[in-house]
**Student:** 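Let me begin by handing over the structure; questions about it come next.
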Amino acid sequence: MRMNRRNVLAGIGMTVVAGGGALASGAFSQVEADRSVSVTTAGDGSALLQFDVDDSYNGIDDTGDGVVALTFQDINQDAVTTFEGALTVTNNGSDDVSLSASNVPAAITFTDANGTDLANGVDIPSGGNSANFDIEIDLVDNSEPSDQDITFNAQAQSN
């Protein structure tokens, strides 16, 4: 191949294109950046997902630090005891929420007005809407539950 201006320019052009594609692809493999984060908390009675208890029932109360505690005392043995509307959950957020409960003792069920067990999940619309739950303790078919923490799981649903 004869060396002329056209061949030299074509060779330089291909070298620039190949080198630019290999070295300047715009991709990266790692980025590290410091960012500030601010987290605030609120008690169960004023949070985005608000938990309230009907403390007119003996043994159901707010612990005083804004956290709901369910302590049942002097429940009848070999009986099913129901506390109607004992727990109210209000969604003060901007997204609908699917709420469920886990780690619930076998003797205890939370059911909404439609009879849906909270273990299966209940949808609560946004904007201050609430769901009221009856709490049932069945000591006919179950033994007395030991003290344990129940976990309430809320999953936001995009509107």
Side-chain angles (χ1 to χ4, degrees), residues 20-159:
L23 300 175
S25 65
F28 58 90
S29 61
Q30 180 178 343
V31 172
E32 182 176 325
D34 294 330
R35 299 290 185 262
S36 64
V37 175
S38 175
V39 177
T40 60
T41 62
D44 286 343
S46 59
L48 289 174
L49 193 61
Q50 178 179 342
F51 289 80
D52 289 309
V53 292
D54 182 349
D55 57 8
S56 68
Y57 288 113
N58 184 32
I60 300 177
D61 63 8
D62 186 317
T63 62
D65 62 356
V67 177
V68 170
L70 303 173
T71 304
F72 302 101
Q73 299 172 339
D74 302 325
I75 302 295
N76 293 38
Q77 295 177 351
D78 299 319
V80 176
T81 304
T82 303
F83 300 90
E84 292 181 355
L87 176 66
T88 301
V89 180
T90 304
N91 180 2
N92 294 314
S94 58
D95 291 329
D96 295 349
V97 168
S98 178
L99 180 70
S100 62
S102 59
N103 201 36
V104 180
I108 299 175
T109 56
F110 296 87
T111 54
D112 71 359
N114 298 319
T116 304
D117 188 338
L118 188 55
N120 298 323
V122 172
D123 293 335
I124 306 174
S126 62
N129 286 289
S130 298
N132 295 311
F133 295 95
D134 297 343
I135 302 173
E136 180 179 280
I137 302 174
D138 180 355
L139 298 180
V140 172
D141 298 321
N142 300 286
S143 60
E144 184 176 326
S146 61
D147 292 348
Q148 69 185 62
D149 291 333
I150 296 171
T151 302
F152 292 94
N153 306 295
Q155 181 67 45
Q157 303 168 342
S158 298
N159 290 334

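Note that the coordinates shown come from a computational prediction; the quantities given were computed from them, not determined experimentally.
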**Student:** Are the side chain of Asn91 and the backbone N or O of Asp95 linked by a donor-acceptor pair below 3.5 Å?
**Tutor:**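 Present.
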**Student:** Under 3.5 Å, side chain of Asn129 to main-chain N/O of Ser126, donor-acceptor pair present?
**Tutor:**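 Answer holds: yes.
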**Student:** Looking at CZ of Phe133 and CG of Leu118, how far apart are the two atoms once the value is rounded to the nearest 0.5 Å?
**Tutor:**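 Taking CZ in Phe133 and CG in Leu118, the distance rounds to 4.5 Å.
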**Student:** Looking at Thr116 and Gly121, what are the two nearest heavy atoms and their distance?
**Tutor:**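 Heavy atoms of Thr116 and Gly121 come nearest at CG2-O, 3.6 Å.
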**Student:** Can you tell me which residue among Asp54, Asp55, Val53 is in a side-chain contact (heavy atoms from CB on, under 4.5 Å) with Tyr57?
**Tutor:**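 Testing each of Asp54, Asp55, Val53 against Tyr57, the sole residue satisfying side-chain contact (heavy atoms from CB on, under 4.5 Å) is Asp54.
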**Student:** Where is the tightest heavy-atom contact between Ser102 and Ile150, given as atom of each residue plus distance?
**Tutor:**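 Minimum heavy-atom contact is O-CG2, 3.6 Å.
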**Student:** Say whether, by atom type as modelled, one donor and one acceptor occur between the side chain of Asp117 and the main chain of Ala119 under 3.5 angstrom.
**Tutor:**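 Yes, Asp117 side chain to Ala119 backbone: donor-acceptor pair under 3.5 Å.
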**Student:** Testing the basics here: between Ala107 and Pro145, what is the closest heavy-atom pair and its distance to 0.1 Å?
**Tutor:**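 That would be CB-CD, 4.0 Å.
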**Student:** How far does CD of Glu136 sit from CZ of Phe83, to the nearest 0.5 angstrom?
**Tutor:**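 Between atom CD of Glu136 and atom CZ of Phe83 there are 11.0 Å.
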**Student:** For the atom pair CG (Leu139) and OG1 (Thr81), what is the distance rounded to the nearest 0.5 Å?
**Tutor:**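 Reported value, rounded in 0.5 Å steps: 6.5 Å.
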**Student:** Compare every heavy atom of Ala47 with every heavy atom of Asn92, then report the nearest pair and how far apart it is.
**Tutor:**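 Taking every non-hydrogen atom into account, ND2-O, 3.2 Å.
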**Student:** What distance do Ile124 atom CD1 and Thr90 atom OG1 have between them, rounded to the nearest 0.5 Å?
**Tutor:**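 The OG1 atom of Thr90 is 7.5 Å from CD1 of Ile124, to the nearest 0.5 Å.
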**Student:** What closest approach, in Å, do Gly85 and Asp134 show between heavy atoms, and which atom pair accounts for it?
**Tutor:**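 Taking every non-hydrogen atom into account, N-OD1, 2.6 Å.
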**Student:** Of the non-hydrogen atoms in Asp149 and Asn103, which two are nearest, and what is the gap between them?
**Tutor:**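 Closest approach of Asp149 to Asn103, heavy atoms only: O-ND2, 2.5 Å.
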**Student:** Near Gln77 CD, under 6.0 Å, is it more than 12 heavy atoms from other residues, nucleotides or ligands?
**Tutor:**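 Check fails, neighbour count at 12 or below.
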**Student:** Under 3.5 Å, is there a donor on one side chain and an acceptor on the other for Asn153 and Gln155?
**Tutor:**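 No, Gln155 and Asn153 have no side-chain donor paired with an acceptor closer than 3.5 Å.
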**Student:** At what distance, to the nearest 0.5 angstrom, does CG of Asn120 lie from OG1 of Thr111?
**Tutor:**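 The distance works out to 11.0 Å.
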**Student:** If only side-chain N and O atoms count, and only distance matters, is there a donor-acceptor pair under 3.5 Å linking Asn132 with Thr88?
**Tutor:**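 Distance-only check passes for Thr88 and Asn132.
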